[in-house]
Every structure is written in C-alpha cells, then in structure tokens.
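Whatever order the structure lists ligands and atoms in, that order sets their numbers, starting from 1. What's counted below: heavy atoms across the whole structure, side chains too, no hydrogens, waters or symmetry copies.
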Amino acid sequence: MLKIALPNKGRLAEEVRELFNDAGLEVRGRGERALTASLGGEFEAIFVRAQDIPEFVADGAAAAGVTGWDLVNEAGRELDPLMDLEFGRCRLVVAAREESGIQQLSDIRDGVRVATCFPRLTQRYFEGHGKRIAVVPVSGAAEIAPHLGIADIVVDLTSTGSTLKMNGLREVDTVIQSSARLIAVPKRDPETSRQLEELTLALGSVLRARGKRYLMANCTRDMLPRVREVLPGLNGPTVVDILNGGNSVAVHAVVAASSIYRTTTALKSIGCEGILVTRIERLIP
Ligand code: AMP
C-alpha cells in the first residue's frame, strides 16, 4: 500500500478530493472522523492538517502528500516536488497598514515587528534583503495584528487581495507564489517509485484534460483547408467519413478550453454544422 497524506479540512481539502476522484482514486468508506481511507488499488489516504503534511512525508509516515507550496517551503524539509496541481493558487505577501507610509520594501525599517504564520520564510526573506526584523509568530488571522498593536506589518497569504484590503492593509512585496503540490520522499525504493509514477500519470492526465475540450463538427470536404487553419495543432484534426453518400465529413479535434468561443465562431462562419463540444476526462499523451 502506498500511503498518501491529504488535507483533512481547509481550503485545499475539497479540490484535492475532487482531483483524486476524477483520477479514479475515490475515497472509499471513510467515516466522519476516520484518519485513513482506501483510494482503491494500492493507494491509501491519511487525512491530516495541511501544515503537517510536509513533516509526515519527510519523516516517511506517508510516501507522498498533497499540500500548499508555501507550507512545503516553510517546513524546510528535504522533499521531492513531483507535480504542481494548479489549484489553491495564492501568494505569501508582505503587507503594511495603508496609513503606515510604507510603499515599498526600502521603507521598512530595521527592528519592525512582523506578524506571520510563516516565521521561517519571513525570517529568510528579510535576511535575504538585509533587514533585521522581529518575527511575531501567530497561528492565524495575522492581518489583525497591526490593528492590535502587536506588530507593525504582516506576512500573510492572499489570493484576491480582498481580505488584506478589508483590513486596511497594502501589499508591499511578494515573498513566494504558491499552489497545491504533490510531494514525495526524495529517497525511495523502486516499488515506491513505480507507484508514484502511476499516481502522477493518473493525476496529470486529469489536469491536462481540464484545460482542453473535445470538439466535433460536420462540414464538406472542400471546407477542410479552411477548417485546418482554425484547428491547427501538430497532428491536425481527425477527419471521419460520414456514410450519407455525399461528401460530408466529421472533424474532431482537441482544443484549448480558453479558445472554444473563438474556434466555434470561426467554424460556424466557414459553414460547419452540428458543432459539438464536450469535456475530456483524461488526456494521456
Ligand atoms: P488552510 O487549510 O485553509 O489553512 O489552507 C491551507 C493552504 O491553502 C494554504 O497553506 C495555502 O497553500 C492554500 N491557500 C490557497 N488560497 C489561499 C488563501 N487565499 N489564503 C490562505 N491560504 C490559501
């Protein structure tokens, strides 16, 4: 059994579960509070706090895990980042009170107190910029610390920036960009490596498919050169005969989800009919 540490709650938990489900690694028979559950096949999930996952994996309690890149860096353990899962995007930022007069890093004086849930990253960041600061470690809600007078500035996570704004804070600089990562123990036996390869292939196929759509359209053969211009790509579209005795064909192609609107409009203007767009569950190159 390959043990995978997954977040038991919080922002990442739901999206992790959805990704594993889509990859065919469905959480089976997990009770309300159960700490472990089968994912089918040779995979087993251990549910723990997102913050603890880097330690669990580094210590070998789980062979792999999914957690935020911010937490992996804060833990500072030797870990192998296998895959960026592309959700849970956020930034760890330095922020100061709007009225503090701090606009940029150079406005921050030595000796300021910095409230943060990320003491190591904060310390390393300011050291790297040649500044001596005092870390005020907190376990949450760092953004209220400046208002309580326990810190001058904060180093906190943000995605849209609205929580910082709501708390009268202004972003000064980005410490690190983060998103959810699949991590693993760096030293592993061949059997674990094989299982991890299987896991990354399954998760990767889902991630690749999420940004793509499968497009089908009917047209006549004489339209194909123009269709080819709208649907380029290395292998071009697949052209399938339609058995109606005429010269109609069906064109199939995988296209970027972001270009679907443009592509379907262009196909329509060429004269294509019966345009069909569907989601793709998995894409294995
Ligand atoms: P949580 O379990 O809710 O404390 O969050 C765990 C992880 O979710 C964080 O360490 C980040 O990697 C990630 N995350 C994504 N977006 C945000 C956000 N806007 N604020 C805080 N954490 C976020």
- Query: What is the nearest protein non-hydrogen atom to atom 21 (C) of ligand 1, stated with its residue, atom name and distance?
  - Reply: Arg11 NE, 3.3 Å
- Can you tell me how far the CG atom of Leu92 sits from the CG atom of Leu121, to the nearest 0.5 Å? 6.0 Å
- How about Ser248 and Asn218: does a side-chain donor come under 3.5 Å of a side-chain acceptor? no
- Query: Considering residues, nucleotides and ligands other than Glu273, do more than 12 of their heavy atoms fall under 6.0 Å from its CD?
  - Reply: no
- Message: Could you check whether Arg194 pairs with Glu191 (Lys NZ or Arg NE/NH1/NH2 to Asp/Glu carboxylate O, under 4.0 Å)?
- Response: yes
- Per-atom contacts of ligand 1 with Gly10, taking only distances under 4.0 Å to non-hydrogen atoms: 2 (O), 3 (O)
- Message: When you compare ligand 1 with Ser159, is there at least one nitrogen or oxygen pair between them that comes in under 3.5 angstrom?
- Response: yes
- Task: Could you find the nearest protein heavy atom to atom 10 (O) of ligand 1 and give me its residue, atom name and distance?
- Result: Asp70 OD2, 2.7 Å
- Message: Show the atoms of ligand 1 that are less than 4.0 angstrom away from any heavy atom in Gly88.
- Response: 15 (C)
- Item | Residue Cys90 vicinity, atoms of ligand 1 by number, heavy atom under 4.0 Å | 11 (C), 14 (N), 15 (C), 16 (N), 17 (C), 23 (C)
- Give the residue, atom name and distance (to 0.1 Å) of the protein heavy atom nearest atom 6 (C) of ligand 1. Ala50 CB, 4.1 Å
- What residue and heavy atom of the protein are closest to atom 8 (O) of ligand 1, and at what distance? Leu12 CG, 3.5 Å
- Taking Thr174 for the side chain and Ile176 for the main chain, is one N or O donor matched with an acceptor at less than 3.5 Å? no
- Task: Could you tell me whether ligand 1 has any atom less than 4.0 Å away from a heavy atom of Pro7?
- Result: no
- First locate atom CG of Asn73, then atom CZ of Arg181, and finally report the distance between them rounded to the nearest 0.5 Å. 8.5 Å
- Is_contact(atom 3 (O) of ligand 1), protein non-hydrogen, under 4.0 Å: yes
